[in-house]
Amino acid sequence: VDSTELMILLQKLMFCCSGQWRANCTQETCQRNVDKVASGLLLATHMIQSLAFSVQDKECIYQWVQKVLLPTTRRSVQAKVGSNGLKFLSCWSPQQGNQTNIFQHIKMILANTGLVQDKESYHKQNNTIFAYEDLPSCFVQKETTNNVKLKRRFLFCFNSYLQFRILTRPSDWQDEVSWVFHLIDAYLRHGRKKRKSKWQPNRWLEGLLELPAISFEEEPKPLFNNYNVENSSNTLNEQLEIRARVSLVKDNYLTRKLKIEELLRLALALLLGISLSIGILKNSHEHLRRNGKNEGKKEATN
């Protein structure tokens, strides 16, 4: 196939929806467009590794990928598109030898998702609960020993993230879980290279999780004398305890009033939380292991 024909095909795949993901198309059409763009990104990844394309062609491909991954509307890309976009960036980076630009791109992609937010500027939404509010004993002991109040900097906002996602197929869940892991892993990996020994894993390990709450159309009062289901300040443990007590009751009234969609959103948010946590633990482990080896070498030379 001629390289010019491949460039034309790639352009058609990458911009098949002309930026209109939901406004003027059905859900089925939008999903087909997402699949086409994701396929285009895989094709682009192979094209930049081929000797059949000139430097100018590869630079043009890179510019197209940028437009897809970082749209001017600042909207978050779909999970399948984002995952294939990261594969492209990982192949592009070694060829160009410029890690700084790639890190900035990944940083902006992460910012568009709204997944990681600064606690100081965060505005709490309705129907939101927090998990991991109580710090583990190792952090509490450190805080007491050093007589310093720990400031938890980050919030991982899965309720905000899922607010504009349409997840109707079972495969969508797998795509989202994989996307969150690879995005946070790529961001932290490049960030660690940039900051080296100054990178602070504890800031990420101490992050709070923002999750969607579960509500009822009407509150069954006999069961909830000590709980307020609609109170968004309830912790995750309290919410789960409430639902566990409800599940023991065989009354059809309760099963009718429970909003199954919200329960599924909470389940997906928990899976995303696990995926993001694995990415953080992976990078924290690699950082601490590497710094431990460096400290050992310094002590040996001294």
Side-chain angles (χ1 to χ4, degrees), residues 21-22 27 30-31 74-80 82 109-134 152-184 204 206-220 223-224 226-247 249 254-280:
W21 293 82
R22 294 192 182 99
Q27 185 175 322
C30 285
Q31 188 58 59
R74 292 183 59 85
R75 62 166 169 76
S76 174
V77 296
Q78 298 293 325
K80 187 180 291 187
I109 293 169
L110 179 61
N112 287 347
T113 66
L115 263 175
V116 181
Q117 298 187 30
D118 194 292
K119 194 171 182 292
E120 296 297 324
S121 57
Y122 171 78
H123 298 288
K124 187 175 181 180
Q125 300 183 11
N126 294 328
N127 300 321
T128 297
I129 56 175
F130 292 123
Y132 195 39
E133 287 191 296
D134 296 328
R152 305 178 74 173
R153 177 178 176 183
F154 294 127
L155 273 169
F156 305 127
C157 302
F158 299 105
N159 188 38
S160 304
Y161 174 78
L162 291 174
Q163 198 169 19
F164 302 105
R165 315 298 276 194
I166 300 175
L167 306 171
T168 56
R169 303 182 304 177
S171 60
D172 292 337
W173 284 40
Q174 183 175 351
D175 291 339
E176 292 291 338
V177 169
S178 176
W179 163 233
V180 166
F181 168 77
H182 286 109
L183 177 59
I184 201 70
W204 293 87
E206 296 164 5
L208 277 169
L209 301 184
E210 177 220 62
L211 301 169
I214 306 171
S215 60
F216 286 82
E217 295 175 15
E218 294 179 19
E219 183 178 332
L223 281 174
F224 295 95
N226 298 322
Y227 297 99
N228 181 0
V229 178
E230 302 297 338
N231 186 351
S232 60
S233 66
N234 282 338
T235 65
L236 175 63
N237 288 340
E238 289 173 338
Q239 286 263 318
L240 294 181
E241 184 178 349
I242 293 170
R243 309 313 158 196
R245 290 179 62 182
V246 170
S247 66
V249 180
L254 291 175
T255 57
R256 280 201 316 272
K257 297 303 178 182
L258 179 63
K259 296 183 179 179
I260 300 301
E261 293 83 0
E262 293 184 357
L263 185 60
L264 290 174
R265 284 174 64 84
L266 175 59
L268 177 54
L270 290 170
L271 288 174
L272 295 176
I274 293 171
S275 182
L276 181 138
S277 299
I278 291 172
I280 293 173

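Being a predicted model, the structure only gives us computed values, none of them experimental.
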*Asks:* Quick one: are F130 and L209 in side-chain contact, heavy atoms under 4.5 Å?
*Replies:* no
*Asks:* Can you name the nearest heavy-atom pair linking I184 to L276, along with the distance?
*Replies:*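 Distance-wise, the nearest heavy atoms are CG2-O, 4.0 Å.
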*Asks:* For T113, what residues pass the side-chain contact (heavy atoms from CB on, under 4.5 Å) criterion, not counting sequence neighbours?
*Replies:* S76, L110, L115, Y161, W179, L183
*Asks:* For I274, give me all partners under side-chain contact (heavy atoms from CB on, under 4.5 Å), at least two apart in sequence or on another chain.
*Replies:*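 Checked I274 against side-chain contact (heavy atoms from CB on, under 4.5 Å); matches are I278.
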*Asks:* State, yes or no, whether a side-chain contact exists between V177 and L272 at a heavy-atom distance under 4.5 Å.
*Replies:*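 Yes, side chains in contact.
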*Asks:* For Q117, give me all partners under side-chain contact (heavy atoms from CB on, under 4.5 Å), at least two apart in sequence or on another chain.
*Replies:*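 Y122, C157, S160.
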*Asks:* Which distance, rounded to the nearest 0.5 Å, do you find between the CZ of F154 and the CG of L208?
*Replies:* 12.0 Å
*Asks:* List for me each residue that meets side-chain contact (heavy atoms from CB on, under 4.5 Å) alongside N159, sequence neighbours excluded, and say none if there are none.
*Replies:*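 If we apply the side-chain contact (heavy atoms from CB on, under 4.5 Å) test to N159, skipping adjacent residues, the hits are Q125, T128, E210, P212, R265.
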*Asks:* Got a second to check how far K80's NZ is from E176's CD, nearest 0.5 Å?
*Replies:*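 Rounded to the nearest 0.5 Å, the NZ-CD separation comes to 11.0 Å.
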*Asks:* When rounded to the nearest 0.5 angstrom, what distance separates CG in L271 from CG in L266?
*Replies:* 9.5 Å
*Asks:* Do the non-hydrogen side-chain atoms of Q174 and S178 ever get within less than 4.5 Å of each other?
*Replies:* no
